[in-house]
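Only this structure's heavy atoms are used, side chains among them; waters, hydrogens and symmetry mates stay out. One-based numbering, in listed order, for ligands and for the atoms of each.
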Amino acid sequence: MTAEYQVHGQTAVITLQNPPVNGLGFSTRQGIVAGVTRALDDDAIKAIVITGAGKAFSGGADIREFNKPAATAAPNLLNVIAVLEASSKPIVAAMHSVAMGGGLELAMGCHFRVVQSGTQIALPEVKLGILPGAGGTQRLPRLIGVEPALNMIVSGSTVPAEKLAKTALFDEIVETDVVKAALAFAERAVASNLPLKKARDIKIKFATAEGFFQFARNMVAAAAKNYPAPLKCVDAVEASVTKPFDEGMRIEREAFTYLVQTTESKALRHAFFGERAASKIPDIPEDTPTRPIRSAAVIGAGTMGGGIAMNFANAGIPVTVLEMKSEALEKGLAVVRKNYENSMKKGKLTPEKFAERVGLIKGSLAYQDIRDADIVIEAVFEDLAVKEQVFKQLDEVMRSGAILASNTSTLDVDKIAAFTRRPEDVIGTHFFSPANVMKLLEVVRGKKTGKDVLATVMQLSKKIKKTGVVSGVCDGFIGNRMIEQYSRQAGFLLEEGALPQQVDKAVERFGFAMGPFRMGDLAGNDVGWYIRKRRYVEKPNIVYSKTADLLCELGRFGQKTGAGWYDYKPGDRTAYPSEVVNEMIIAHSKTLGVTRRKISDDEIVERLVFALVNEGAHILEEGIALRASDIDMVYLTGYGFPIYRGGPMFYADTVGLPNVILAMHRYARQRHGDAWKPAPLLEKLAAEGKTFN
Ligand code: T1G
């Protein structure tokens with residue numbers, strides 16, 4: 001069992017031992033009950049202290065057990081907490097580092113709580129699409145007050161213990177050695193025969209309950225569209241005020257049981273694990289030595305280069321931005337400074353932080369100035385000849401052991417590595433615009449990329465607060481390769497009867513942050529145009545809709561030219577449907593001899609999303625992505641896919657892969673059937689009744 005039992009004088013100390021964060025898994029729960037029972041049966045023991053080994057008191061229920069029998073096997077967390085609360089001997093929680101979710105609920109079931117300052121306190125269950133299911137919604141309001149408790153439970157936010165020092169949640173707060181303090185507290189409690197405090201016995205006085213909770217419901221409902229958990233949190237906390245304790249517990253349990261089986265919760269848990277799984281690379285052990293990254297350099301001070309440089313400065317890493325012309329350099333650095341000024345104006349950045357970050361970014365016009373950087377990221381024009389020239393220079397100048405990274409979004413990283421005499425130091429670091437905001441970082445592993453280089457860049461991605469996802473080398477890596485099939489379908493839909501605003505609205509109702517045409521107008525329609533021109537030469541047998549080319553031939557590149565799929569007014573980013581474009585689309589259907597038809601929103605969503613799924617299946621079977629959840633993380637953190645649907649591959653699992661194939665067969669009977677040939681992996685999994693994840 002994973003809870004250790006030790007005796008200190010007349011006090012038994014039960015220490016949770018379930019690394020990495022003492023998740024309250026089945027064997028840990030058993031260990032706690034066994035320890036308390038042993039202490040109660042031993043007359044020499046007068047008190048009990050409970051604490052956690054390592055880096056957490058407890059991170060809560062062991063989420064690796066979710067949806068498995070062990071999660072609810074007796075003694076479940078409610079049983080454990082009932083044993084604590086019913087103990088005839090005082091039980092003192094010695095809390096440090098992290099006390100979250102079920103971990104905090106466990107502590108609230110104890111009679112007393114001694115906490116080390118700086119301990120992270122939270123009931124983050126709502127972030128997993130559930131709510132505290134072991135009394136948190138009933139005890140926390142009694143211990144810290146209804147409003148602060150409701151805010152913590154509905155937001156899932158973390159609060160440092162010292163912020164709650166004056167509440168009944170803690171009996172003592174100490175700077176160091178919380179176990180020693182808890183032992184001393186226990187001894188005093190025994191000596192003074194301190195009455196045992198039970199949070200459940202605290203009566204809540206809250207005169208304005210009805211109005212308060214109605215207001216809370218209105219606020220939460222507005223902010224939590226598509227997520228059922230927050231409103232259930234309000235219901236449960238309201239019960240802590242309006243109902244007897246045991247009735248409140250029943251209401252909480254009912255809500256928990258409902259929420260834990262919702263697709264939204266499964267999607268959020270999938271994303272939680274997906275984020276962590278992405279950093280695991282099968283052939284690279286976790287303890288692979290990494291190279292120190294104490295300084296960085298970025299080639300190119302354009303939008304991407306500036307944004308990439310900000311990531312380093314934000315992480316406290318000095319970075320030099322290299323340009324060829326001083327006006328380009330000055331312009332780029334001015335944009336970076338402006339970004340920081342805007343954050344400071346919005347109160348997101350203190351003047352000290354502003355000065356520190358701006359101070360960490362230097363400009364230069366000479367390669368010699370960056371030769372000692374530990375990593376250099378090239379962010380120049382997306383053309384292989386230009387990359388060749390840059391990497392040949394880097395190969396000449398950079399110190400040995402420096403990591404040479406390219407921010408290319410589609411070009412072959414193996415070809416780029418071959419421009420140097422050190423391909424093992426070359427890797428792709430594909431940032432997404434705006435690079436200082438988007439969480440996704442596609443880390444492209446070349447055939448010769450060194451294992452320590454890959455491990456270093458994955459570690460760096462965490463340091464600069466990115467979600468690093470490993471991709472193999474192929475055109476478009478993971479995200480852009482899939483989005484190309486998505487865009488193909490979007491173009492075909494225009495030819496067959498839909499208009500840009502219908503397509504965008506349909507996928508935005510599905511939950512995408514932005515539909516394909518608004519996204520094109522934002523990113524620049526000329527980007528896709530450039531890639532398609534290359535495609536027409538490289539892969540002439542793949543058919544694309546010409547609508548996007550006709551649009552670009554009109555010079556309608558999007559917001560940057562004041563017109564794209566939509567019309568724009570100066571200083572106004574609203575996308576207004578364009579008569580010119582809609583007429584062009586309708587005329588183009590006529591040219592093709594296609595009779596336009598009414599297309600349902602469902603068909604639009606299925607064709608766009610299943611196009612992603614099918615290409616994702618190809619990417620998986622080719623080994624470009626290590627796992628399906630990596631593909632989901634790419635779409636959740638880089639392409640605005642709705643998180644409550646878990647990502648394209650998770651969503652396909654919830655639809656059912658046989659149903660995805662049925663839909664693809666239906667669309668294959670319409671136009672351009674080649675686009676709907678199911679990937680072999682998709683067919684195999686569907687036939688075997690399996691899922692991607
Ligand atoms: N159970 C099991 N493993 C967990 C875990 C948990 N609760 N939390 C984290 N891990 C693993 C994580 O997968 C990773 O594993 C390692 O710990 C380090 O995590 C009834 C039912 C605790 C603040 O939602 O917020 O209680 O990849 O990289 O940055 O009401 O993890 O190393 O193998 O994040 O130091 C509620 C979620 C559960 C807490 C630590 N609890 N965890 O952050 O490390 S529901 C949570 C976190 C519940 C009850 C309900 C953070 C952390 P690996 P990490 P970190």
Side-chain angles (χ1 to χ4, degrees), residues 2 16-29 32 52-68 70-73 75-82 95-109 118-140 149 152-153 155-161 229 232-233 236-237 249 252-253 255-262 265-266 268-281 285-287 458-459 461-463 465 467-468 627 629-630 633:
T2 47
L16 309 187
Q17 300 267 8
N18 185 19
V21 294
N22 296 321
L24 296 167
F26 174 62
S27 67
T28 307
R29 300 196 301 269
I32 298 169
K55 69 178 210 179
F57 170 75
S58 168
D62 194 329
I63 36 191
R64 291 170 292 203
E65 282 185 358
F66 267 5
N67 294 345
K68 290 187 184 124
T72 52
N76 65 36
L77 199 46
L78 286 166
N79 304 144
V80 174
I81 292 170
M95 305 160 75
H96 65 89
S97 315
V98 169
M100 285 189 172
L104 180 58
E105 292 172 302
L106 182 82
M108 291 194 287
T119 300
Q120 296 180 69
I121 303 294
L123 288 177
E125 288 85 343
V126 72
K127 292 181 183 173
L128 298 173
I130 49 181
L131 88 172
T137 64
Q138 306 305 306
R139 288 191 175 87
L140 192 65
M152 280 183 70
I153 292 167
S155 68
S157 55
T158 299
V159 175
K232 291 285 185 191
C233 290
V237 172
M249 287 298 286
E252 174 191 275
R253 198 79 210 141
F256 182 89
T257 308
Y258 164 71
L259 289 170
V260 78
Q261 52 72 43
T262 59
S265 179
K266 288 176 187 165
L268 287 168
R269 297 199 306 268
H270 171 66
F272 177 88
F273 280 111
E275 171 92 29
R276 285 158 181 77
S279 59
K280 298 197 174 18
I281 305 161
E286 302 246 323
D287 57 0
M458 292 304 281
Q459 188 182 65
S461 65
K462 271 192 177 173
K463 191 162 170 46
K465 297 198 175 15
T467 298
R627 52 187 79 83
S629 61
D630 279 7
M633 291 320 293

Shortest protein contact, [atom] (heavy atom only):
atom                    : answer
atom 6 (C) of ligand 1  : Ile63 CG1, 3.4 Å
atom 7 (N) of ligand 1  : Ala61 O, 2.9 Å
atom 25 (O) of ligand 1 : Met100 SD, 3.8 Å
atom 42 (N) of ligand 1 : Phe272 CZ, 3.6 Å
atom 4 (C) of ligand 1  : Val21 CG2, 3.6 Å

Is the contact between [X] and ligand 1 made by the side chain, the backbone, both, or neither, using heavy atoms and a 4.0 Å cut-off?
X      : answer
Glu105 : side chain
Lys55  : side chain
Asp62  : both
Leu24  : neither

List ligand 1 atoms under 4.0 Å from [X], heavy atoms only on the residue side.
X      : result
Pro132 : 30 (O)
Pro124 : 24 (O), 41 (N), 46 (C)
Leu128 : 24 (O)

- prompt: What is the distance from atom CG of Leu78 to atom CZ of Arg29, rounded to the nearest 0.5 Å?
  reply: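 Taking CG in Leu78 and CZ in Arg29, the distance rounds to 10.0 Å.
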task: Any chance you could measure Ile281, atom CD1, to Met458, atom CE, to the nearest 0.5 Å?
output: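 If we round to the nearest 0.5 Å, Ile281:CD1 and Met458:CE are 4.5 Å apart.
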Are the side chains of [X] and [Y] in touch, meaning some heavy atoms are under 4.5 Å apart?
X      : Y      : result
Val237 : Ile153 : yes
Phe57  : Thr119 : no
Met100 : Val21  : no
Leu128 : Arg269 : yes

Look at [atom] and find which of [options] reaches it with the closest heavy atom.
atom                    : options                        : answer
atom 15 (O) of ligand 1 : Pro20, Ala134, Gly135          : Pro20
atom 31 (O) of ligand 1 : Lys280, Glu275, Arg276, Glu286 : Arg276
atom 46 (C) of ligand 1 : Gly101, Gly60, Gly59           : Gly59

State whether any protein heavy atom lies less than 4.0 Å from [atom].
atom                    : result
atom 1 (N) of ligand 1  : yes
atom 17 (O) of ligand 1 : yes
atom 52 (C) of ligand 1 : no

message: Less than 3.5 Å apart, any donor N or O on the side chain of Arg253 or Thr257 sitting next to an acceptor on the other?
response: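 No - no donor-acceptor pair under 3.5 Å links their side chains.
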- prompt: Does an N or O anywhere in Phe256 fall below 3.5 Å from an N or O of ligand 1?
  reply: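 N/O-N/O distance below 3.5 Å does not exist for this pair.
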message: Counting only heavy atoms not in Lys463 (residues, nucleotides, ligands), do more than 12 fall under 6.0 Å from its NZ?
response: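 Counting other residues, nucleotides and ligands, NZ of Lys463 stays at 12 neighbours or fewer.
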task: Could you pull out the closest heavy-atom pair between Tyr258 and Lys232, with the gap in Å?
output: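 Looking at all heavy atoms of both residues, the shortest contact is CD2-CE, 3.7 Å.
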- prompt: Any sub-3.5 Å donor-acceptor pair from Ser58's side-chain atoms to Asn22's backbone N or O?
  reply: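 Yes: the side chain of Ser58 pairs with the backbone of Asn22.
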- prompt: In a check of side-chain contact (heavy atoms from CB on, under 4.5 Å) between Leu24 and each of Asn76, Thr2, Leu16, which one passes?
  reply: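 Of Asn76, Thr2, Leu16, side-chain contact (heavy atoms from CB on, under 4.5 Å) with Leu24 is met by Leu16 alone.
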field: Cation-pi check, Arg276 onto Phe272 ring (under 6.0 Å, within 45° of axis)
entry: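 Yes, Arg276 and Phe272 form such a contact.
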